[in-house]
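This report concerns only the one structure given below.
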Amino acid sequence: MDINHLRGKRVVILAGGESSEREVSFRSAKNVQKALENLGINAPIVDFCGDNIRDIVQNPPDLAVIMMHGKPGEDGTVQGFLEMLKIPYTGSGVVASAVGIDKYIFKLVCRGLGVRVPDFTLIRNYEGIDKAFEFAESVGYPVIIKPRSEGSSVGTKICKSPDDLRDALNENLKTFGDTLVEKYIKGKEITVGVLGTGKDTFALPILELRVKNREFYDYVAKYTKGETEFIIPAELPDKLYKKAQDTALLLHREIDCKGFSRVDFIATDQDVFALEINTIPGMTELSDLPAEAKHMGLSYEDVVVYILKSAYE
């Protein structure tokens, strides 16, 4: 698809919203805006809230570029809103977005596809926490807790004892609602970006994330310069390297992601375990997917073109 037809059209970048990833969303949006300018496309950033939502209804753009991380931009809500207005938009659709944001449903899909994930249990907000202690005792400490539907490692904690688990779980259930308790697997943190839609997809070089001063690749490590060392390509045996790329492609296609996605894994010496899929990966100056694409010889603008094409595929 030739993107020249977008020049002179009303293109907007949807960012912000009310999620915990609001700030990161604006950082991604500003980088995408600059890339669009380099491609000859003028695209203002629109904070998706309040009167701006009403303005979209009253003055529909020709294209919405969604750069909203977390809810409501990455869970299918904005996608459904735009579909009702018949406004073309970038990235994955309603179903893929809903699956991607929900770590519990994602893990069930992985199991159905034969993709390995760490052992886990879901603690629903209306349940007691005894189930979590039983699970932790069965798999052994430490365990990891994470909100069911948050991104950027918000609310993710490593619990090394029953007291840690009780405190962290009570806080998460109060703040985020349903929370996953997951077996801790010691290994390399890796991530695999995917570009394209349908059969025309390909995996990017694998990025290994070596965190310097944090326990794991948390929010601070993700968005603070100098906190994480990027190793591209990841130092993995060939067999595991290929398996991680093949698995990322499988998940991107089967979940029906469009344009771009990123799958995070833990790699041990024997296997790779899928953690989550990001249907709107970060596009900041420190984000993983643009770094992977750059190693492959693709510019930031090249990645943005794949994102734009997804609106019409």
Side-chain angles (χ1 to χ4, degrees), residues 70-71 74-77 79-80 83 91-127 131-132 134-136 138-139 143-151 153 155-156 176-185 187-204 206 236 239-268 270-281 289 310 313:
K71 297 178 179 180
E74 205 169 359
D75 65 350
T77 300
Q79 289 78 6
E83 287 191 12
S92 298
V94 174
V95 173
S97 300
V99 170
I101 198 71
D102 190 323
K103 295 180 178 66
Y104 177 62
I105 298 300
F106 170 73
K107 290 178 186 297
L108 295 180
V109 169
C110 285
R111 283 182 169 176
L113 293 170
V115 173
R116 292 196 73 181
V117 296
D119 291 341
F120 66 93
T121 191
L122 177 69
I123 308 301
R124 293 180 171 86
N125 202 29
Y126 57 80
E127 294 177 328
K131 180 181 174 184
E134 292 171 4
F135 173 80
S138 70
V139 300
V143 293
I144 295 180
I145 71 163
K146 53 186 67 173
R148 180 173 180 169
S149 300
E150 293 288 331
S153 298
T156 299
F176 303 108
D178 292 1
T179 297
L180 279 167
V181 183
E182 186 178 276
K183 179 180 179 180
Y184 175 79
I185 296 178
K188 294 182 177 182
E189 296 186 68
I190 63 170
T191 186
V192 187
V194 176
L195 293 178
T197 301
K199 64 181 180 61
D200 297 320
T201 56
F202 59 95
L204 295 171
I206 300 178
L236 295 172
K239 183 177 180 180
L240 289 185
Y241 195 100
K242 184 177 186 305
K243 182 172 183 179
Q245 286 188 315
D246 289 348
T247 301
L249 278 173
L250 172 70
L251 292 170
H252 180 97
R253 289 169 176 160
E254 292 301 317
I255 294 173
D256 200 25
C257 296
K258 294 184 178 180
F260 67 147
S261 72
R262 200 193 74 239
V263 183
D264 300 336
F265 298 89
I266 288 292
T268 67
Q270 291 81 33
D271 211 344
V272 292
F273 296 80
L275 300 179
E276 62 181 284
I277 190 168
N278 300 270
T279 54
I280 304 181
L289 188 142
S310 67
E313 294 173 326

Legend entry - Under-4.0 Å salt bridge between D256 and K258: no
Would a distance-only check, ignoring hydrogens and angles, find a side-chain to backbone donor-acceptor pair under 3.5 Å from [X] to [Y]?
| X | Y | result |
| --- | --- | --- |
| T197 | G259 | yes |
| E83 | G80 | no |
| S261 | C257 | no |
| E74 | K71 | no |

Legend entry - Pair H252, T201: side-chain N/O donor-acceptor within cut-off below 3.5 Å: no
Could you tell me which residues satisfy side-chain contact (heavy atoms from CB on, under 4.5 Å) with [X], sequence neighbours excluded, listed by chain and number?
| X | result |
| --- | --- |
| I266 | I185, E189, L275 |
| A98 | none |
| A248 | V192, V194, V263, F265 |
| K242 | D246 |

Inset, instruction - Taking salt bridge (Lys or Arg N to Asp or Glu O under 4.0 Å) as the test, write out the residues that go with D75, two or more places apart. - result: none
Legend entry - Flag side-chain contact, heavy atom, 4.5 Å: L195 against L204: yes
Legend entry - Side chain proximity check, F260 to P281, heavy atoms < 4.5 angstrom: yes
Without placing hydrogens or testing angles, list every side-chain donor-acceptor pair under 3.5 Å for residues 104-120, not counting sequence neighbours.
residue, atom, partner, partner atom, Å
K107, NZ, E182, OE1, 2.6
R116, NH1, D271, OD2, 3.1

Legend entry - Test log, rule side-chain contact (heavy atoms from CB on, under 4.5 Å), inputs T121 and L180: CA-CA 6 Å; T121 191; L180 279 167; over 6 Å; no
